[in-house]
Amino acid sequence: MALRFYNTLTQQVEEFTPARDNTVRMYTCGPTVYDFAHIGNFRTFVFVDLLRKCLRANGFKLDHVMNITDVDDKIITNATVAHQSLEEYTATYKQAFLEDCAKLRLERAERLVPATGHIDDMAAAIQRLEASGHAYQTEGSVYFRVATFPQYGKLSHNDFSGIISGARVDSDKYEKDDARDFALWKAPKEGELAWQTAIGPGRPGWHIECSVMAIKYLGETLDIHAGGIDLVFPHHENEIAQSESLTGKPFARFWLHAEFLMVEGEKMSKSLGNFFTLRDIFERGYAPETVRYLLASVPYRKQLNFTFDGLKSAATAIDRLRNFKLRLETDRYAEGVNEKLAGRAEAAERAFRESVNDDLNTAEALAAVFEYVRDANTAMDAGEFRAGNVAEALAFLREFDSIFDVLEPTAQTNAILDSEVESLIAERTAAKKAKNFARADQIREQLLEQGIILEDTKSGVRWKRK
């Protein structure tokens, strides 16, 4: 199946190929580094990682730029309160973001670009917008004049009366000609951080940062621009207006947006006590790959309801796959090939690939994997699985993991919860009673790999951590 994505711009699922030379020129919105990123942010970043892996699996090369927003009003305010320079304040959260990404096994963009490294480029772009009549100055600030861009609203489809709850909107406390106009450059208040540029002192608006960096590194028309659904309006809408006013060309061919993450059915909020960073979750004993699996398991255009029961289910699903892989690698099978199973593996691999290529339908992709694992395990239990079926099964798992990347355990202390240990011990005890000693041994080895040592005694099973 050809690779297809839902394009927010056209509101249609369209076949995707790069515009030229087999390289996908992609820009994605990165973090604003005023605090630790939360799990809602990482729902989007995991989606971007899946997108990267899907594009590469289809034979495309990547030129991916992700910005780091290291200057905005909130950052400046927080740095001032903390009595730190902008660089000192943001350095902590930049490093934390990169560490969190590494733990979730997110590939780093080919270019990770900070806004503060491109201030002069932004000032030059704003000068061009002023010269062409698309921008105007007032009291030292510069605004984009929306009335000069008749196509304004083509991404959000003019639904300004019902802006998605939680969307980031402009809160510019400056004079402007039209309520729709947005800040390109903000004049400094007394004692406030400012850059000295060709258009005077101040700092850039949020929207111009992304346009300038995207065009500088990727050219005037991108293949893909992606981010969270909350960025459609005003951020991405404003990016289109200023970028296309600068170049006269379409800014991006495909716009992909990940839906919101809910927590226990509610919007995440510190006041509700359901606001979590990755660090909060890891401290509860959950492995990074469990979080990654859960965030990847629901197709990106559907809201994801994050629950701790869901995390436990994700851990169970990963264990099922790891146990299947262990069974393939360690059990002995009769020689030959079960042709029916060989055909089943081929069909499952095809269904997996087609689901991933169908707008990253991860739910259908996972269904293809687990249906095959069920059938293969049933054949193993019945003595119908053959040595000649092992290679194709392992190849299918490798293809699955080239996208989901969860099979290799994270090496960290206390990664497995006590409740999960007890559940596996109970399963092992049942396997021994059923004289399924191979399964019992597999569970012992699985726990040992996760730092859990079992001791069989007359009074039952004792366990301890290494």
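On a predicted model such as this, the values are computed, not experimentally measured, just so you know. All residue numbers refer to positions in the sequence shown, counting from 1.
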Tell me whether the rings of [X] and [Y] are parallel (<30°), tilted (30 to 60°) or perpendicular (>60°).
X: Phe42; Y: Phe97; value: parallel
X: Phe5; Y: Phe16; value: tilted
X: Phe308; Y: Phe306; value: perpendicular
X: Phe352; Y: Phe404; value: tilted
X: His207; Y: His235; value: tilted

(request) Answer yes or no: is there a donor N or O on one side and an acceptor on the other, between the side chain of Asn338 and the main chain of Glu384, under 3.5 Å? (result)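 Yes; judged by distance alone, with no hydrogens or angles, the pair exists.
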- Item | side chain to side chain contact (heavy atoms under 4.5 Å, CB included) against Arg105, all qualifying residues, sequence neighbours excluded |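 Counting only residues at least two positions away or on another chain, Arg105 forms a side chain to side chain contact (heavy atoms under 4.5 Å, CB included) with Glu289, Arg292, Asp405, Glu408, Thr410.
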inquiry  = So Glu220 and Leu246, do their side chains get closer than 4.5 Å, heavy atoms only?
reply    = no
*Would a 4.5 Å heavy-atom cut-off, applied to side chains only, mark Arg322 and Leu407 as touching?*
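A side-chain contact exists here, since the closest heavy-atom pair is under 4.5 Å.
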The side-chain hydrogen bond (donor to acceptor under 3.5 Å, both in side chains) partners of Thr8 (sequence neighbours excluded) come to His257
| task | State whether the number of non-hydrogen atoms from other residues, nucleotides or ligands found under 6.0 Å of Tyr34 atom OH is greater than 12. | result | no
Using distance only, find each side-chain donor-acceptor pair of residues 313-321 under 3.5 Å and give its atom names and separation, not counting sequence neighbours.
from	atom 1	to	atom 2	distance (Å)
Ser313	OG	Asp309	O	3.2
Thr316	OG1	Lys312	O	3.1
Asp319	OD1	Gln446	NE2	3.1

